[in-house]
Asks: 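Structure provided below as structure tokens; questions to follow.
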Amino acid sequence: MSMFKDIPVDVGVIYEGQRIRRNDMQAEFGGPSVKEKFELARVKPMDEVEDGKVTIIGPDIKDLKEGGSYPLGILVEAAGPTLDQSLEGVIERRIHGYLNYIEGVMHLNQRYDIWIRLSKKSFQKGLTSFEPIGKVLCRLFKSELPIIEKVQVTFITDPAKVSEFYPEAMQAYESRDAKARGLKDEDVDKFYGCTLCQSFAPTHVCVITPQRYSNCGAISWFDAKASSNIDPKGPVFAIDPGQLINAEKGEWSGVDEAVRKRSMGEVNQVWLYTAFGHPLTSCGCFEAVAFYIPEVDGLGVVNRSFKGAAVNGLPFSTLADSTAGGRQVDGFHGLSIEYMRSQKFLSADGGWNRVVWLPKEVKERVKDFIPTDLVDKIATEENATTVDALKAFLKDKNHPVVARWTAQEAPAAPAPEAEAVEVKEEAAGTMMPVATAASLPIMAGGFKIILKDAKIYANKVIIQTVKSDTDQR
Ligand code: SF4
């Protein structure tokens, strides 16, 4: 784009979805090994914003040791005659997309969970400072959201300053989320959808209602409403819910139709309040995963920052891989922490009555929203680290799932769906299909191509063991 002539690397939608492996990274900011990190947008009075100004507090990229992980705070301050605080969430979520437009910059997740990598290749091309990165952000904000008249960006890498600012960021997220609490799905005549994560998960569509918060935990129903109003052609769009098909599971005709259209026919039916059957698709930047534990007929929840294995022996990364990529996987479900505060939190599955295990940190955060008589009946890593120990704990506490054990045989485990790709042995001298897939998403040249019911032929198949993305990070 001509507006980025002075930027040392290319900028464009073609780079969305790029992955940067650990070996190829110059440095990373945030991510699992860094405790405090954040990105925050603030709407300010016009005279408090200097348009285009980029500030770096702490060491710049070129001053940091190659291959290291560092704390980072990104503060975007915007002003405009018609801008107000209700748009802060909308502006903030755009940081994700805009940073991913920069060649050699990978941005994952949101808010206090950000994870940014800069490639060695782009560093060698001259991307050695936050200054050009800030310039790209400022220019994209103004060109894509004309409602913004002035914008300035601050990058904080000084660990002490990140810590100093961190509580303010957390407070801002909490006030934003609190605003949407109390409103019910039946009180509104519009739901919203978001496809921002399709660059990473091409068939993913988030459906955002007052009681079904976005997977990433960064877009409330109010944020989505504001976003679709100021940028109707953007990634967030209004959905007319249409006819209520199933009140218990949360199915509406208009939602099914919108998801079918936006997933290009890949997902035809969505139940908003369950992890089973036709759950909302999971992209990759969800804050937590709900997972079915067949031995106790209950659901566990593990969040991204939980270190170690969940009670079923699997770490977050493995559970996330079981459901990510825009798929609906029975019994495995990406979700946000804020959704756990909703009365519709997996309500079709029994809600909190069905939750048997979650990390202590998450339990503390959502404690006020768990029915009082259940709080002590839900185990954390301090009570159970194996399924056997969990079973004993639940029995001892008389958790509601115990009644299900006697009432019915525990259903068979819905195994995490393996990649829907089946590799077959090549028959000598014939062109056998070597891979088939229900849907195979490919990103190329800024286009998304989905091969439905594909059969792939090849002369040679090389199978190598590779670490998953999450392992390599
Ligand atoms: S998780 Fe959902 S709401 Fe959040 S950015 Fe991705 S698609 Fe949008």
Side-chain angles (χ1 to χ4, degrees), residues 13 16-17 38-41 74 76 87-101 106-116 140 144-145 173 176-177 180 190-239 255 258-264 266-267 270 272 279-290 303-304 316 320 323-329 332-340 342 441 443 448:
V13 287
E16 264 197 312
F38 66 87
E39 63 191 15
L40 180 69
I74 303 176
V76 172
L87 292 166
E88 288 178 346
V90 177
I91 296 168
E92 192 175 288
R93 196 62 188 123
R94 293 296 175 100
I95 299 171
H96 173 67
Y98 298 164
L99 286 184
N100 278 320
Y101 285 0
M106 178 182 82
H107 178 290
L108 300 173
N109 311 331
Q110 62 292 315
R111 291 187 173 182
Y112 49 80
D113 247 349
I114 53 167
W115 190 353
I116 297 164
L140 281 171
E144 304 257 322
L145 298 176
Y173 307 141
R176 230 183 266 160
D177 292 345
K190 284 266 182 298
F191 293 166
Y192 295 90
C194 179
T195 54
L196 198 69
C197 290
Q198 286 199 346
S199 52
F200 291 95
T203 55
H204 174 67
V205 184
C206 259
V207 177
I208 305 164
T209 74
Q211 292 181 290
R212 174 73 228 218
Y213 214 93
S214 61
N215 284 359
C216 55
I219 303 185
S220 70
W221 181 83
F222 281 106
D223 294 332
K225 184 179 178 197
S227 184
S228 89
N229 281 345
I230 60 163
D231 185 17
K233 291 193 176 144
V236 180
F237 53 92
I239 298 175
V255 170
V259 172
R260 189 177 307 127
K261 192 172 152 205
R262 301 282 177 154
S263 69
M264 279 153 294
E266 196 52 37
V267 182
V270 172
L272 294 179
L280 192 61
T281 52
S282 302
C283 45
C285 59
F286 39 78
E287 288 185 286
V289 181
N303 63 325
R304 191 173 288 278
F316 173 84
T323 189
R327 293 175 295 152
Q328 292 176 304
V329 182
F332 293 82
H333 191 43
L335 44 82
S336 61
I337 304 294
E338 183 59 24
Y339 176 48
M340 298 174 78
S342 162
M443 294 298 289
K448 175 170 52 194

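Order of listing sets the numbers, starting from 1, for every ligand and every atom in it. Below, each value reflects all heavy atoms present in this structure, side chains not excepted, and no hydrogens, waters or symmetry copies.
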Asks: Testing the basics here: between Ala324 and Gly284, what is the closest heavy-atom pair and its distance to 0.1 Å?
Replies: CB-CA, 4.2 Å
Asks: Pull out every atom of ligand 1 sitting under 4.0 Å from any heavy atom of Arg93, numbered as shown with elements.
Replies: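 Every atom of ligand 1 under 4.0 Å from some heavy atom of Arg93: 4 (Fe), 5 (S).
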Asks: Can you tell which part of His96 has a heavy atom less than 4.0 Å from ligand 1: side chain, backbone, both or neither?
Replies: neither
Asks: Any N/O/S atom, side chain or main chain, of Cys216 closer to atom 4 (Fe) of ligand 1 than 2.8 Å?
Replies: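 Yes, since at least one N, O or S atom of Cys216 sits under 2.8 Å from atom 4 (Fe) of ligand 1.
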Asks: Look at the aromatic rings of Phe200 and His96 and report parallel, tilted or perpendicular, splitting at 30° and 60°.
Replies: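 Phe200 and His96: tilted rings.
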Asks: Would you mind telling me if ligand 1 is within reach of the side chain of Cys285, the backbone, both or neither, using heavy atoms under 4.0 Å?
Replies: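 Contact part for Cys285 vs ligand 1: side chain (C-beta onward).
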Asks: Applying the side-chain contact (heavy atoms from CB on, under 4.5 Å) test to Arg111, which of Glu39, Arg176, Glu287, Arg93 qualifies?
Replies: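 Result for side-chain contact (heavy atoms from CB on, under 4.5 Å) with Arg111: Arg176.
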Asks: So, does Glu338 use its side chain to make a donor-acceptor pair with the main chain of Tyr213 at under 3.5 Å?
Replies: no
Asks: Got the closest protein heavy atom to atom 3 (S) of ligand 1, with its distance?
Replies: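 The closest heavy atom on the protein side is Ser214 CB, 3.3 Å.
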Asks: Which atoms of ligand 1 sit under 4.0 Å from any heavy atom of Leu196?
Replies: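 Going through ligand 1 atom by atom, the ones under 4.0 Å from Leu196 are 5 (S), 7 (S), 8 (Fe).
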Asks: With a cut-off of 2.8 Å, does Cys197 place any N/O/S atom under that distance from atom 6 (Fe) of ligand 1?
Replies: yes
Asks: Check whether any side-chain heavy atom of Asn215 lies under 4.5 Å from a side-chain heavy atom of His204, and answer yes or no.
Replies: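 Asn215 reaches His204 side chain to side chain.
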Asks: Taking the side chain as everything from C-beta on, heavy atoms only, tell me whether Arg212 gets closer than 4.5 Å to Phe191.
Replies: no
Asks: N/O/S of Cys206 less than 2.8 Å from atom 8 (Fe) of ligand 1?
Replies: no
Asks: Counting from 1, what ligand 1 atoms have a heavy atom of Cys283 closer than 4.0 Å?
Replies: 1 (S)
Asks: Among all protein non-hydrogen atoms, which one is nearest to atom 8 (Fe) of ligand 1, and what is the separation to 0.1 Å?
Replies: Cys194 SG, 2.3 Å
Asks: List the atom of Gly326, the atom of Ala201, and the distance in Å for their closest heavy-atom pair.
Replies: N-CB, 3.6 Å
Asks: What's the shortest heavy-atom distance between Cys285 and Cys283, and which atoms?
Replies: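 Looks like N-SG, 3.7 Å.
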Asks: By number and element, which atoms of ligand 1 are closer than 4.0 Å to a non-hydrogen atom of His204?
Replies: 2 (Fe), 7 (S)
